[in-house]
A.B. asks: 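Okay, handing you the structure first.
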Amino acid sequence: MKHLIEKTDRDPTAFEMRVYDAVREVPPGRVTTYREVAERIGCGSSRAVGQALRRNPFAPEVPCHRVIRSDMTMGGFKGREMGAVITEKIKLLEYEGVRFREGKLSDSEQLFLY
DNA sequence: GCCCTACATCAAC
DNA sequence: GTTGATGTAGGGC
């Protein structure tokens, strides 16, 4: 399979490290947004955060499922925009105390702000 | 060094 | 639905 055009594993950059570190600060029963993480690490770019989380070499130590959009939706997960993966993560979050409703965060008060 | 592409976004239309 | 903008990283030249 490895032949050409394969980004595969590259070592985490300093920027990605900051992202993972910020996400790990989120306690159980709490969620945060890409924007919050971006601001936390000193950048206004939420997509850079998304890229780092997508690669997430620290999973499941880094709970990417606790990072949601500013729209309170899951947006995407592991390359999937929706599906059984999303549903399972929502169930997991609900077990931790985070309430979701139809793929959206029910209470914005559960957002973890830095 | 510069330009292009991709990204799990955001904002505006 | 679309486009443009943001920041980061990879690849090609």
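Numbers restart at 1 for each chain; the letters A, B, ... are given by sequence-line order, proteins then strands.
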A.B. asks: Specify the separation, in whole Å, of atom OH of A/Tyr34 and atom P of C/dT6.
C.D. replies: 21 Å

A.B. asks: Is the number of heavy atoms from other residues, nucleotides or ligands within 6.0 Å of CD (A/Glu81) greater than 12?
C.D. replies: no

A.B. asks: Round to a whole Å and report the spacing from CZ of A/Arg55 to C1' of C/dT8.
C.D. replies: 13 Å

A.B. asks: Rounded to the nearest Å, what distance is computed from the CZ atom of residue A/Phe77 to the P atom of nucleotide B/dC7?
C.D. replies: 17 Å

A.B. asks: Any chance you could measure A/Ile68, atom CD1, to A/Lys104, atom NZ, to the nearest 0.5 Å?
C.D. replies: 11.0 Å

A.B. asks: Quick one: CG on A/Leu105 to OG1 on A/Thr73, what's the gap to the nearest 0.5 Å?
C.D. replies: 10.0 Å

A.B. asks: Take the protein atom CZ of A/Arg35 and the nucleotide atom P of C/dT6, then report the distance between them rounded to whole Å.
C.D. replies: 14 Å

A.B. asks: A/Arg69 side chain: which of C/dA9, C/dT8, B/dT9 is closest?
C.D. replies: B/dT9

A.B. asks: Charged N to carboxylate O below 4.0 Å: is that the case for A/Asp21 and A/Arg24?
C.D. replies: yes

A.B. asks: Which whole-number value in Å describes the distance from A/Arg54 CZ to C/dG10 P?
C.D. replies: 14 Å

A.B. asks: What is the nucleic acid contact for A/Phe15, judged by heavy atoms within less than 4.0 Å: base, sugar-phosphate only, or nothing?
C.D. replies: sugar-phosphate

A.B. asks: Determine which nucleotide pairs with C/dG11, using a 3.5 Å limit on both distances of a Watson-Crick or G-U wobble pair.
C.D. replies: B/dC3

A.B. asks: C/dT8 P sits how many Å from A/Glu16 CD, rounded?
C.D. replies: 12 Å

A.B. asks: Take atom CD of A/Glu36 and atom P of C/dG7, then tell me their distance rounded to the nearest Å.
C.D. replies: 17 Å

A.B. asks: Taking the minimum atom-to-atom distance to the side chain of A/Ser46, which one of C/dA9, B/dC10, C/dT8 wins?
C.D. replies: B/dC10

A.B. asks: Find which nucleotide of DNA chain B each of A/Ala48 and A/Thr33 is nearest to by heavy atoms, and output the residue with the more 5' nucleotide.
C.D. replies: A/Ala48

A.B. asks: If you measure from OG1 on A/Thr13 to CZ on A/Arg18, what distance do you get to the nearest 0.5 Å?
C.D. replies: 7.5 Å

A.B. asks: Any side-chain N or O of A/Ser70 less than 4.0 Å from the OP1 or OP2 oxygen of B/dC10?
C.D. replies: yes

A.B. asks: Between B/dA11 atom C1' and A/Asp71 atom CG, what is the distance in whole Å?
C.D. replies: 12 Å

